[in-house]
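Not measured: the values here are computed from a predicted model. Note: hydrogens, waters and symmetry copies are ignored here, and every other heavy atom, side chains too, is used. A note on names: the letters A, B, ... follow the listed sequences, proteins ahead of strands, and every chain is numbered from 1.
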Amino acid sequence: MIPLARRMDGIIDAIDVEQTLDSGQVFLWYKRGRSYYLIYSENVIRIEPCHGQLVLVHESKPMYIDVERLFRLDDDIHAINHSIGHKDALIGEAVKRFKGLRLMRQDPFQCLISFICATNTSITRVRCMLEGICKRFGNKVEFDGLTFHTFPSPKALQDASINDLVWCGLGYRARFVKQAVYSYLDMDVESLLDGGYDEVRDILLGIEGVGNKVADCIMLFSLEKLESFPIDVWIWRVIARYYRDIVGMGVDERVRLSPNMYRRVSSTMRGYFGRYAGYAQQYLYCYARAYTFDNPSIYTINR
DNA sequence: GACCAGGAGTTGA
DNA sequence: TCAACTCATGGT
């Protein structure tokens, strides 16, 4: 049993595993009974929440994945929540309502492919696409009497034809994924982990199929850039309706974000929330999805 | 049948 | 620099 979010002072904080897995940052997970199974690269990981505080972790392969790293328990969530949660009433409320939410530290390759697939579609369909890729190019694994297919390595996916990927349900994204595999194989992942935000973003933007938003997601969820502030349709609505005066003119949720506008708005939000803006973004994303704007409660929070 | 979904590339002004 | 268009596709 591994304690989740054990602070330096020994206090253990609850993590809501389902809330975290279901927050749109990761797609290949399954709930079976009380257990959660996560496809992490070429591994299947079983996560068992226990009173919201402890998990049991088993893996299908000997390769050890540190659950404390996976759930970013090395982040001081109290300090983070304190630093972002007092910026305004909305983020304060979101932090309060999604107290068990955490960011995860994903495998960069799986994260890259996942968010290229996540353009202009729903989370449900992203899962279908990724499952198709796993079934076609990953390894079949029997684990706990259940059958899983792991995520293929870059080299395993290198041989995929565009037709193969289309068949997996990727549609027009197939050629982007195909190109991205080659790009990734040419990249030095360590330098992406160590590099600064601007530098790494520009490298990622060089991959076909990766724009501002996808680059931000990859950096936030797998490359240690916690200041990344991805803006999807939900976050854009939140900004347009709640942070309009912070971001400034020209903010209209009915208008699509141009790349330049995206950069300006995202940069402003990074400045506003600071080095943990990515956590703020994740809280706001969950809040916006859970309490849709049909629910007027979001309007009643005064800054 | 239109519209939406954790968007991005291309084109033309 | 930006709006308009296109790219697949399942769900509502």
Does [X] have a side-chain nitrogen or oxygen under 4.0 Å from the phosphate oxygens OP1 or OP2 of [N]?
X         : N      : value
Asn120(A) : dC4(B) : no
Arg263(A) : dT1(C) : no
Ser122(A) : dA5(B) : no

Per-pair stack call Tyr285(A) and dG6(B), 5.5 Å, 30°: yes
Polar side chain donor-acceptor pair, [X] to [Y], under 3.5 angstrom:
X         : Y         : answer
Asp75(A)  : Tyr276(A) : no
Glu142(A) : Thr147(A) : yes
Arg263(A) : Ser267(A) : no

Whole-Å distance between [N] [atom2] and [X] [atom1]?
X         : N      : atom1 : atom2 : answer
Arg289(A) : dG6(B) : CZ    : P     : 6 Å
Arg256(A) : dC2(C) : CZ    : P     : 15 Å
Asp232(A) : dA8(B) : CG    : P     : 10 Å
Tyr172(A) : dG7(B) : OH    : P     : 9 Å

Spacing of the P atoms in dC5(C) and dA2(B) (rounded, Å): 15 Å
